[in-house]
Number of protein chains: 2
Amino acid sequence: MAESARTAPVEQSPATVISIGDLRTRCSRCDIRELCLPVGLDANALRQLDDVVTTRRRVKRGEPLYRSGDAFLALYAVRVGTFKTTLLTADGREQITGYQMSGDLLGLDGIASRRHRCDAIALEDSEACVMPFERLSDVARAVSALQQSLHRFLSREIGRDQQLMLALGRLRGEERVAAFLVNLAERHRARGFAANEFVLRMTRAEIGNYLGLELETVSRLFSRLAREGLLQVDGRVVRSLDLEGLRKRAGERC
Amino acid sequence: MAESARTAPVEQSPATVISIGDLRTRCSRCDIRELCLPVGLDANALRQLDDVVTTRRRVKRGEPLYRSGDAFLALYAVRVGTFKTTLLTADGREQITGYQMSGDLLGLDGIASRRHRCDAIALEDSEACVMPFERLSDVARAVSALQQSLHRFLSREIGRDQQLMLALGRLRGEERVAAFLVNLAERHRARGFAANEFVLRMTRAEIGNYLGLELETVSRLFSRLAREGLLQVDGRVVRSLDLEGLRKRAGERC
DNA sequence: CGGAGGTTTGAAAAGAGTCAAAGGTCGTGG
DNA sequence: CCACGACCTTTGACTCTTTTCAAACCTCCG
């Protein structure tokens, strides 16, 4: 069935739809499947999921994967790149509510209302697998391991959101920045990258926005942490993170 | 099967387990079923859910329904009363991450790790239906409407959390308090209560905690809004809410 | 190589936190 | 039924963090 969609890849903006049959990168062969929805599925279950995920979308840096108010038709799994999700206040102020890396799911907040409830914007040229939700639900009913995995991802998203609430509600600026860096480091580690050295995909303004701070405050706090030897900053490159030291700054008052 | 558990209600602290057979308040007869997980289920599906929800728990004001770290065995649905969920920083500061009223579900964040990730505390003497999660999952696989409802509740929780993030990250104190009151009013309305007049179940400290403010700040902001004619405050009783005016204060910069 | 966008730093202002004190409310036990 | 204590609320005065406004610098892309 998926094989019938063997058309040439279409290259058109803003978000290109790609038939997956061409690319031989079904879930069953995807090298991030252990980070992603397929985690824990056996070979048979994987094959069923392959039939759900028949297309991918390329999204250029700064372009939306979807926008608030769009009809909710599918969940997305980040394959390559990073995204942010943002919400707007009535008067147009923006709050970044999530930062998604490879293996993370996008669109979970749209299930309830059948409309997307935030904007999902690519932070670099990125690629996401499209999982039409009706089909996914159907397969989840048949394949208990997939149902479990979906529940787990929904629940994990709630847990993450609550961690961010904790940061926004109770931590001061320096603690928020430290917690942000520790969190990024751990997610890089989970993906097999260096934990104490990476490139930020967000601007100071975006980091500040995510953390409920102004960009100048973020810049000052990076400088302060650097002055105190907890990291080196060079624009968007951070190096030599002292993760233990940062963890101490993130929540444990000195 | 549930009928076999026809024992006398046990009255013991801190949280009393009640067999539901005694109380004739299965989901199928529960008067809040339209606000709760059963929403949209037909008679047959409801009967299957009745077999999942065989017990309830009474929780006294200030007592926990569960604590962070407890094994995750069940989801809970608030039947009577209100709860708060709280998270702690490493150094013991508390952040309230949720405020649950009748029909709301508790425990969703525990599915991923099979441990509860927050404390759920009763704000008044309350009662929650116990929904053992394995059974619930099984029935959800068989009853597609229940699966949908569960997904919807999980998704709605994510949406709610993101609204709170928006408030914590981008709104100033006065806006947060206004948004909080509007949100409470709407939830009261949905439950058939007066929207512009109700009793707060939280102390100033708890409201402040929820909103990322100190209790003194909340008290001052209530006084200010009252002085400006947007509501009347008398301890925990708020009256004559000017919902339109409050909505204006909550996000639309004057 | 020009310019837009991003970053850093300083100085002043505003918002919220902290500390303190007094008054109010509620439930319990005498 | 009253009194006591525990807890909650309000308000003031002062402090501190973060924001706001401003200016200069950097750097990366076309």
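Computed from a predicted model, the values in this text were never measured in an experiment. In what follows, chains are A, B, ... by sequence order, proteins preceding strands, each numbered from 1.
- Between V78(A) and L106(A) there is a side-chain heavy-atom pair separated by less than 4.5 Å.
- Contact check of residues 202-215 of chain B against DNA chain D (heavy atom, cut-off under 4.0 Å) returns T203(B), R204(B), L215(B).
- Put simply, CD on E175(B) is 14 Å from P on dT19(D), counting in whole angstrom units.
- Phosphate contact (OP1/OP2 of dT9(D), side-chain N/O of S219(B), threshold under 4.0 Å): absent.
- The separation between D234(B) atom CG and dT9(D) atom P is 12 Å, rounded to whole Å.
- Regarding R249(B), its CZ atom lies at a distance of 13 Å from the P atom of dG15(C), rounded to whole Å.
- In this entry the distance linking CZ of R201(B) with C1' of dC8(D) reads 16 Å, nearest Å.
- At least one side-chain nitrogen or oxygen of R172(B) sits closer than 4.0 Å to the OP1 or OP2 atom of dT20(D).
- A rotation axis mapping the C1' atoms of four pairs onto the next four is fitted at both ends of the helix from dC1(C)-dG30(D) to dG30(C)-dC1(D) over five pairs, and the angle between these axes is 40° to 10 degrees.
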side-chain hydrogen bond (donor to acceptor under 3.5 Å, both in side chains) evaluation trace for T82(A) with E124(A): CA-CA 6 Å; T82(A) 49; E124(A) 56 192 310; 2.8 Å; yes
Stepwise salt bridge (charged side-chain N to carboxylate O under 4.0 Å, His left out) check, D104(B) with R156(B): CA-CA 10 Å; D104(B) 291 334; R156(B) 206 175 66 173; 3.8 Å; yes
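- The nearest whole Å value for the distance from the CG atom in L200(B) to the P atom in dC8(D) is 14 Å.
- For the pair R236(A) CZ and dC28(D) C1', the interatomic distance rounds to 11 Å; values are reported in whole Å.
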Test side chain to side chain contact (heavy atoms under 4.5 Å, CB included) applied to R117(B) and I158(A), step by step: CA-CA 10 Å; R117(B) 288 274 145 244; I158(A) 294 171; over 6 Å; no
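- In terms of position along DNA chain D, the nucleotide closest to V233(B) lies nearer the 5' end than the nucleotide closest to the other residue of the pair V233(B) and R220(A).
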Evaluation steps, salt bridge (charged side-chain N to carboxylate O under 4.0 Å, His left out), between E186(A) and R247(A): CA-CA 11 Å; E186(A) 276 162 5; R247(A) 244 183 281 270; 2.6 Å; yes
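- The separation between R224(A) atom CZ and dC16(D) atom C1' is 12 Å, rounded to whole Å.
- A 4.5 Å side-chain heavy-atom check between D109(A) and C118(A) finds at least one atom pair inside the cut-off.
- In this structure, H116(A) and F72(A) have perpendicular ring planes: the angle between them is above 60°, well past the 30° mark.
- Between the C1' atom of dG17(C) and the CZ atom of R93(B) lies a distance of 13 Å, rounded to the nearest Å.
- A heavy-atom distance below 4.5 Å is not found between the side chains of R61(B) and R201(B).
- Comparing E216(B) and T217(A) by the nucleotide of DNA chain C that holds the closest heavy atom to each, the one mapping nearer the 5' end is T217(A).
- The backbone N or O of R172(A) sits less than 3.5 Å from a side-chain atom of E175(A), completing a donor-acceptor pair.
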